[in-house]
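In what follows, a single structure is set out as structure tokens and then discussed.
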There are 2 protein chains.
Amino acid sequence: MARDTINLRRLSEVLGLSQTTVSRALNGFPEVNEKTRARVVEAARRLNYRPSASAASLATGRACAIGHVVPLAEHMMINPHFCDFLAGAGEVYAQFGYEMLLRVVAQPQETDVYRDFASRGRVDGVVVHGPLTGDPRIPLLKSLGLPFVVHGRCDDGGGDYSWLDVNNRRAFSRATDFLADLGHRRIALINGLEAMNFAYRRRQGYESALAARGLERDPALVFSEDMVEPYGYRVARQMFTGPNPPTAVLVSSVLPAMGLVRALGELGLRPGADVSIIAFDDCLSFLQPGGEAKAREVPFLTVMRSSIREAGRRVAEMILEQIAAPETGPRHELWEAELVIGRSTAPCRRQRAPLSAAAKSW
Amino acid sequence: MARDTINLRRLSEVLGLSQTTVSRALNGFPEVNEKTRARVVEAARRLNYRPSASAASLATGRACAIGHVVPLAEHMMINPHFCDFLAGAGEVYAQFGYEMLLRVVAQPQETDVYRDFASRGRVDGVVVHGPLTGDPRIPLLKSLGLPFVVHGRCDDGGGDYSWLDVNNRRAFSRATDFLADLGHRRIALINGLEAMNFAYRRRQGYESALAARGLERDPALVFSEDMVEPYGYRVARQMFTGPNPPTAVLVSSVLPAMGLVRALGELGLRPGADVSIIAFDDCLSFLQPGGEAKAREVPFLTVMRSSIREAGRRVAEMILEQIAAPETGPRHELWEAELVIGRSTAPCRRQRAPLSAAAKSW
DNA sequence: TTGTATGCGTTATCAG
DNA sequence: CTGATAACGCATACAA
């Protein structure tokens, strides 16, 4: 902060008023004379006065900041889905005069970060990203008394904490059903890391749909890794150059789906025609033609769609609401993904499944 | 902050020492007795004491935070290259006890953000992203007296400010030379937004290399947009379904390059064999097989490579250095991109350029 | 409607 | 080596 920074005292001297009156005028207190307020506001603007953030925090006990801890994925990678979530949350914070604090940190040190946030009073609340099944952060945050909202869930109990999640189980069981209805019997799953609760749920949805039809699940068709492009490429090559490849693939993100498509291209297999694909589409902005534009022509990929950026917005609103009114209990929101039919899914016409056999199941 | 937060006064009472001594012990002042210090440190750890961030800021005048303003690109999109830069910067901040403040903001309001940062004392310095040619933020930040480092440059003068940049002009002229040496005469450029200085420089490199060989540049082969996947797809379809397509393409990022490859796949054109491609590779983590692993087999794409995450690390170090020692003048770093030959470039064998004609130019 | 006085939790100055 | 005391800049209970 520059040495010549103007503060409340100086401003009040210039105006010939007390600090109290000036403070009240600027903070919108009703009791101050409108004429006085106008003078104060004008002078503040003219002198470019803004209250010191640390002084205000110290006096009020509020930091006006929300903490986000970016967990580094395997290989020290930052999850790209995370970026769009942040973009959404950031919009909301900006709108309400809140600051976004970001900490990039490796998994093991993560609990320290929350302790630090809490005891140093740097933030008024935190958003929990990438919750694991039975995530230890939840009891920790509860014990710290730090307000938090989880993007995703950690358990099946509904939990005594606020969360917003996509109905991943339903999305993946619906997608599996859809493929099965098209006659597919060998359906692969290119999943995210199943330590993450969302990926665990996606597999549950996949498996329950298979089970409901009496289809056996083949472990050779199920994968669980960080959702990056080369992952999709690698496992696709593995499956489609090996024996007994699948006729359809579920993919947990459009990133590995791109790798899958790339591999198929090299192998001369056409998405839709030769292999059906359904991917989960988080509406990542850098893959969208018109930013967030939803209304567009029939997309290339058939997808389960839910905007992660919109989730970021809503989670940000939730944490701000919770801070403003702590007495209201935990809130939960479960969003349904939209199934958008594109050109990457078609009836199964695998030669080794004779038409008569396939027809039987219709 | 919880009501039962332990503060310096409470801690000093517990220890039977003055606040001064406790503070000094914890802050590593040399004059305090080592035995006393050990006692203090132990008690602080046991009681989980950490100094209040806002109180410390108020007392020292330092915020221990660096501001990053995320400019929303066209269509309200957050630039994905940005995320990896942040990841790198965040590592350094964490290491030095600094906080990263993120503001997502639309272009027009951006100057307000810097004024706010400066006058409210929220940050000790800022990192300027996506500098435009003649960017108005530089004079503004100078006048505000807020330390800053620019990722990229705004002008040719070298500038009276600190920056770190890739030698974009050289990278693109080298890449153009490389393609020309392979016999390519119609070379397209899928560039970023040329209001951005880096993209402007890339085009300069491309054009200067063409000019040096007396190759004419065809405006129908040059594009300038946000570097997203569908952009590469769209302009590739446009070029390769139209008359007189290029035989080689320079792409400003692997994102539009993926779109390009997708389009070529649909059109039955093989990268390398039918169309040569060189892309700028920022080492985006979600596209890397092993995170940041550099040593790998011959890559699919021929690329100009420079890790944007490594740039983030270095820029963060630079801003911290500048804050620690403001008397040292502006620092500049110009990084050379590495040209990595992959499988997407090959000698031109376009039928309409007869071998004899091509041979003449050698 | 405005002003006075005090506290927020540190760090820094000066004394011992 | 340690301690009392004064900033730091704002918000607010209380007084007028």
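Remember, it's a predicted structure, so these values are computed and weren't measured experimentally. In the text below, chain A, chain B and the rest are named by the order of the sequence lines, each starting its count at 1.
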Please report the distance, rounded to the nearest Å, between [atom1] in [X] and [atom2] in [N].
{"X": "Arg122(A)", "N": "dT10(C)", "atom1": "CZ", "atom2": "C1'", "result": "13 Å"}
{"X": "Leu58(A)", "N": "dC8(C)", "atom1": "CG", "atom2": "C1'", "result": "4 Å"}
{"X": "Arg50(B)", "N": "dT10(C)", "atom1": "CZ", "atom2": "P", "result": "13 Å"}
{"X": "Asn33(B)", "N": "dT2(D)", "atom1": "CG", "atom2": "P", "result": "5 Å"}
{"X": "Arg39(B)", "N": "dT2(D)", "atom1": "CZ", "atom2": "P", "result": "9 Å"}
{"X": "Asn7(A)", "N": "dG9(D)", "atom1": "CG", "atom2": "P", "result": "5 Å"}
{"X": "Arg120(B)", "N": "dC10(D)", "atom1": "CZ", "atom2": "C1'", "result": "11 Å"}
{"X": "Phe29(B)", "N": "dC14(C)", "atom1": "CZ", "atom2": "C1'", "result": "14 Å"}

### Message
At less than 3.5 Å, do the side-chain atoms of Thr20(B) and the base atoms of dA4(D) form a donor-acceptor pair?
### Response
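Between dA4(D) and Thr20(B), which were checked side chain against base, a qualifying N/O pair under 3.5 Å is present.
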### Message
Taking atom types as they are modelled, would you say the side chain of Arg24(A) forms a donor-acceptor pair with the base of dG3(C) within the 3.5 Å cutoff?
### Response
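Checked by distance alone, the answer is yes.
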### Query
dG3(D), dT12(D), dG7(C): which one has an atom nearest the side-chain heavy atoms of Ser23(A)?
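Of the options given, the side chain of Ser23(A) lies nearest dT12(D).
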### Message
Counting only side-chain heavy atoms from C-beta out, which of dA12(C), dG9(D), dT2(C) sits nearest to Val32(A)?
### Response
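Looking only at heavy atoms from C-beta outward on Val32(A), the closest nucleotide is dT2(C).
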### Task
Give the ring-plane orientation class for His332(B) versus Trp163(B), where under 30° counts as parallel, over 60° as perpendicular and anything between as tilted.
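It falls in the parallel class, under 30°.
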If you compare every side-chain N and O of [X] against the phosphate oxygens of [N] (OP1, OP2), does one of them come in below 4.0 Å?
{"X": "Ser18(B)", "N": "dG3(D)", "answer": "yes"}
{"X": "Thr21(A)", "N": "dG3(C)", "answer": "yes"}
{"X": "Asn27(B)", "N": "dT11(C)", "answer": "yes"}

### Crowding at CZ, Arg62(A) (>12 non-hydrogen neighbours, <6.0 Å)
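Count not over threshold, so no.
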### Task
Determine the contact category for Leu8(B): base if any of its heavy atoms lies under 4.0 Å from a base atom, sugar-phosphate if only primed atoms, P, OP1 or OP2 are that close, otherwise nothing.
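Counting heavy atoms under 4.0 Å across all strands, the contact made by Leu8(B) includes a base.
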### Query
When we call it a touch if two heavy atoms are under 4.0 Å apart, what does Thr36(A) touch: a base, just sugar-phosphate, or nothing?
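Sugar-phosphate contact only - Thr36(A) comes under 4.0 Å of backbone atoms but never of a base.
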#### Entry: Heavy-atom side-chain contact between Asp155(B) and Thr133(B) under 4.5 Å
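Result no, sub-4.5 Å side-chain heavy-atom pair not found.
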#### Entry: Residue pair Val40(B) / Thr21(B), side-chain heavy-atom distance below 4.5 Å
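Not touching, per the 4.5 Å side-chain cut-off.
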### Task
Find which nucleotide of DNA chain D each of Leu17(B) and Thr60(B) is nearest to by heavy atoms, and output the residue with the more 5' nucleotide.
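Residue closer to the 5' terminus by nearest nucleotide: Leu17(B).
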### Query
Which residue lies toward the 5' end of DNA chain D, Pro30(B) or Tyr49(A), if each is placed at its nearest nucleotide?
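That would be Pro30(B).
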### Task
Using the ring of Phe148(B) (Phe, Tyr or Trp, six-membered ring only), decide whether Arg137(B) places NZ or CZ under 6.0 Å from its centre and within 45 degrees of its axis.
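No; the conditions do not both hold, so Arg137(B) does not lie above the ring face of Phe148(B).
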